[in-house]
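In this text, all values refer to a predicted model and were calculated from it rather than measured experimentally. Residue numbers begin at 1 in each chain, while the letters A, B, ... track the order of the sequences.
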2 protein chains.
Amino acid sequence: MVKRATIGDVAAHAGVSTATVSRVLNGGAVTEVTATKVWSAVTRLEYTPNALTRGVFAGRSSTIGVVIRDLASPFYFDLIRGIDEVAGAHGSLVMFSNTFRRVDSEVAQVRAMDEQRVRGLIVTTGEPSDERARRMAAGGTPCVVVARTVRNPPPGLHSVSLDNVAAGRLMAGHLAACGRTSVGVVIAGTRPSQRERTAGLRQALAEFGLPLPPDAVAVAPAEGEVSDAVGLLLARDKRLDAIVCTTGRLAVAVHAGLSDRGLSIPDDIAFLTMDDFPWAPALGITVVAQPAYEMGRRATELVVEAPGEAAELVFEPALIKRRSCGEA
Amino acid sequence: MVKRATIGDVAAHAGVSTATVSRVLNGGAVTEVTATKVWSAVTRLEYTPNALTRGVFAGRSSTIGVVIRDLASPFYFDLIRGIDEVAGAHGSLVMFSNTFRRVDSEVAQVRAMDEQRVRGLIVTTGEPSDERARRMAAGGTPCVVVARTVRNPPPGLHSVSLDNVAAGRLMAGHLAACGRTSVGVVIAGTRPSQRERTAGLRQALAEFGLPLPPDAVAVAPAEGEVSDAVGLLLARDKRLDAIVCTTGRLAVAVHAGLSDRGLSIPDDIAFLTMDDFPWAPALGITVVAQPAYEMGRRATELVVEAPGEAAELVFEPALIKRRSCGEA
DNA sequence: CTGAAAGCGCTAACAA
DNA sequence: TTGTTAGCGCTTTCAG
C-alpha cells in the first residue's frame, strides 16, 4: 500500500518549506522558478491535496449536504438534478443521504451532515430535524428546507416550497372544467404539503358546488397500500368519476390500481396527479407539476449566496393538460 | 454567529482533559462519574464532533464517493438506491457528483473525491478516470467501476457490470420469437456496453437468419437526436418491424419518436428497450432489465469489505415480457 | 483511570 | 519572496 505524499514530502523534494508549497498551490506570491520546482515535485510525487485538512483549518468543508426523504419520488429526482448542477458550477461536491421516510433516520442524517461541517445544508425532512438546522444556521451554516415552510425562521434558515393550496385549486378547476362531479383523493399522509393540497382541492371544489367529504380522501403511506385505498374510494361512491393523487411518488400505484380494476382512463374515470414525469406524455397523464429542477437550483443558490435574512421562496404549480381527465 | 464548542470547551466545562473527553466519546476506559460529567457538558454546550478532524487523523474520511455519469438514467437511479442503502447500513454517508456525460468533468470529479479522501469510490465513468482509480486503489482506497470492466485491474480496483452480450442476445431471441424480421437499433454511443449489446444482438439475430447491417444501427448521443435516428431507421427500411433501444436513458425519446410518426406498438412496430422502469408495466413495454439495485448494493459491499483481490462481478440481464413486441 | 504532550496535514501570521 | 512558528480540533501514545 503506497503511502500518500504530503505537503511536507513535496517541500522536501522541491527543497523549499511547506509554507511555500502551500503558497504555490493556493496562488500566493512566489518566484517563477520556485513554482516550477514545486510543481515538478507535485507531479513526480503524484501529490493530491487533502481536502479534509483544509476543511479543518477553514472550520468547514466545501461540500454541500443534502438529506432526501425519498429518492424514489420524481420530485426529488429533478430537485437533485438542480442542486447538483449549481453545486457543480460552484465547484462544490454534494454529499447526500436518503432517509427512507424514517423520522429517526432524518434526525441522524442531519446530525451527520453537521458533523461533516458541510458548507450548507438542503433538507426535505420533517420538523423534528429543524432544531438542529436552527443551530446550524446560527453557527453560520446556511440551511434550506425544501417542500415546506419553517415557522419563525432565524436568519440563515431558508425555505423553498410550492404553493400547495394553489396546486389543489388547479386540480379542482381542471376536474370541474372537464365535467367531473365526484372526485376521490389518494394522499400519502399528513405532512403539510399533503394537507394543503387537499385543502386547496376541497376549497375550490366547493366553489364549483362539488363537496369533498372526508371519506373521499384515502390515505396510503406506501405503494403497497394504494390499491386498497383506491378500492375504498371506488366502493364508497359508485358514481366516482375522478381520482386525484397528491404525490407523484404514488402515481404509478394509483394508475395501476385503476387499470387492475379494468377501469379505462378517462372514459370510466379521470386521473390527475401531482408531479410531472418523463413518461407522462406517452401515457397522456395530466399533471400539476412543481418546478422541481428550478427549486433545486434556487435552494442551492441560497446555500452559496448565504443571504443574511431568512428567505422564503414559494413556487407556483403549473397544470399540464394531457388526456387523462377527458375534456369538458 | 455562535461559535461551535470544541472538545477543549467540553473538557474545560467538565473539569477533565481533552483526552478524557475523547475517550468517553469513543468508548475508552472511564469511570461512570467522569462519563456523566462529560456527557452533561456535551449536552449543555451542544457539542457536535468534527468529522473532518477525525478524518484528518485517520488519514481518510468515512464517506463513500460516487461519481455518476448521468443521473437521468433509470439504471443509475436504482443503482444509487442500492448504494445508498448499504452505505446507510454501515453508517457511511455518500458523497456524489454527476458529470453530465462530460469526460473532463469525470476526471475532475474523481480527483475531487480523491482529495476528499473518501473511504471508497464507486464510478460509472469512462476509462480516462481509471488512472486515478488505480492510484487510489494502490493507496488503499477501494474503487469500483460500474457498468464496464477494467482491463488488468490491480488489487482494490473492482468492477460490477452486466453481461451485455447476453443482454443483446436476449433481445434478439425475443424479437425472433415474436416473429419480427427486420430490426433497427438506436444506440447511445460507442461505449463498451453499447457495443457489446449491439454485438450480442447482431450475433443472435444472425443465428436466426436475420442480418443486422451497420446502417440498421443509428447513433443518438442525446435525447434531441433520437427522433432523427428513428426517422433514419424507418426511412432506410420500409419493412422495419422492430426498434430496439440499447439504453434506458433514451427509451422515452425513442418511444415518442415512434408515436409521433403515428406508429402503433406493437401492431406497426415492436419496441424493446434496455432497463426496466416504474411505468413500463402501465405502458406494456417489454424490457431487458439490469439488476441495478443489486449492482449498487454489491458495489458498495466491495467498498466496505475491501477484498484484497480485484473482484469482477458480472450480472445477468433478464427479459421482462410485456406487450410491446406482440406475440409469436 | 486520567492527564500531558506530541502530532495528523495543512494554512496563516510574522519575521527575515 | 521565503522560512519559521503557531495553531485548526481531534486522537493517541506514554507516564503517572
Side-chain angles (χ1 to χ4, degrees), chain A residues 1-39 41-42 45-63 112 114-119 139-141, chain B residues 1-39 41-42 45-63 112 114-119 139-141:
Chain A
M1 185 152 116
V2 204
K3 221 189 129 299
R4 278 168 177 293
T6 70
I7 202 174
D9 299 330
V10 175
H13 275 247
V16 298
S17 73
T18 59
T20 300
V21 176
S22 175
R23 273 190 283 262
V24 351
L25 258 30
N26 303 299
V30 279
T31 333
E32 191 148 332
V33 280
T34 2
T36 316
K37 278 192 299 186
V38 170
W39 281 121
V42 165
L45 298 174
E46 296 184 332
Y47 171 70
T48 304
N50 185 336
L52 254 37
T53 315
R54 240 184 220 159
V56 171
F57 204 88
R60 55 187 349 80
S61 103
S62 66
T63 90
D114 191 13
E115 295 188 353
Q116 298 287 333
R117 298 294 189 267
V118 290
R119 158 188 188 168
T141 306
Chain B
M1 187 153 114
V2 205
K3 220 189 129 294
R4 278 168 175 291
T6 70
I7 202 174
D9 300 329
V10 175
H13 275 247
V16 298
S17 71
T18 59
T20 300
V21 175
S22 174
R23 273 190 282 262
V24 350
L25 259 30
N26 304 298
V30 279
T31 332
E32 192 149 327
V33 280
T34 357
T36 316
K37 280 192 297 186
V38 171
W39 281 121
V42 164
L45 299 173
E46 297 184 332
Y47 171 70
T48 305
N50 184 335
L52 255 39
T53 315
R54 239 185 219 153
V56 172
F57 205 90
R60 57 187 345 86
S61 100
S62 65
T63 90
D114 191 13
E115 294 188 351
Q116 297 287 332
R117 299 295 190 266
V118 289
R119 160 188 186 170
T141 305

Can you give me the closest heavy-atom contact between [X] and [Y], atom names plus distance?
X	Y	value
A:A35	A:V30	CB-CG2, 4.3 Å
A:S17	A:A11	C-CB, 3.7 Å
A:T48	B:R117	O-NH2, 2.7 Å
A:R23	A:A29	CD-O, 4.1 Å
A:V118	A:R60	O-NH2, 3.7 Å
B:A51	A:Q116	CB-NE2, 3.7 Å

Partner of B:Y47 by side chain to side chain contact (heavy atoms under 4.5 Å, CB included), out of B:L25, B:D9, B:V38: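 Answer to the side chain to side chain contact (heavy atoms under 4.5 Å, CB included) test with B:Y47 among B:L25, B:D9, B:V38: B:L25.
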
CZ-CD distance between A:R4 and A:E46, expressed to the nearest 0.5 angstrom: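 So the CZ of A:R4 and the CD of A:E46 are separated by 10.5 Å.
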
5′-ward residue of the pair B:A19/B:R117 relative to DNA chain C: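 Mapping each residue to its closest nucleotide by heavy atoms, the 5'-most match is B:A19.
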
Most 5' of A:A35 and B:F57 on DNA chain D, judged by nearest nucleotide: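 Closer to the 5' end of DNA chain D: A:A35.
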
Length of the [atom1]-[atom2] vector between [X] and [N], whole Å:
X	N	atom1	atom2	result
A:E115	D:dT11	CD	P	11 Å
B:K37	C:dT2	NZ	C1'	10 Å
A:K3	C:dC8	NZ	P	9 Å
A:Y47	C:dG9	OH	P	10 Å
B:L45	D:dG9	CG	P	14 Å
A:R23	D:dT5	CZ	P	14 Å

Neighbours of DNA chain D within residues 24-33 of chain A, by heavy-atom distance under 4.0 Å: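 Per residue number, the list reads A:A29, A:V30, A:T31.
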
Degree of bending in the helix from C:dC1-D:dG16 to C:dA16-D:dT1 once both end axes are built from five pairs, to 10°: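 For the helix from C:dC1-D:dG16 to C:dA16-D:dT1, the axes at opposite ends meet at about 40°.
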
Using only side-chain N and O atoms of [X], determine if any of them is under 4.0 Å from OP1 or OP2 of [N].
X	N	value
A:S17	D:dT2	no
B:T34	C:dC1	no
B:R54	D:dT11	yes
A:S22	C:dT11	yes
A:T53	C:dG9	no

Expected output: side-chain [X] to main-chain [Y] donor-acceptor under 3.5 Å:
X	Y	result
A:T6	A:G8	yes
B:S61	B:T63	yes
B:T36	B:E32	yes

Near-strand residues of residues 7-16 of chain A, defined as heavy-atom separation under 4.0 angstrom from DNA chain C: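 Output list: A:I7.
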
Any side-chain heavy-atom pair of B:R54 and B:N26 under 4.5 Å: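 Side-chain contact under 4.5 Å: yes.
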
Check: B:R4 side chain, D:dG9 base, donor-acceptor under 3.5 Å: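 Side chain to base: no pair below 3.5 Å.
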
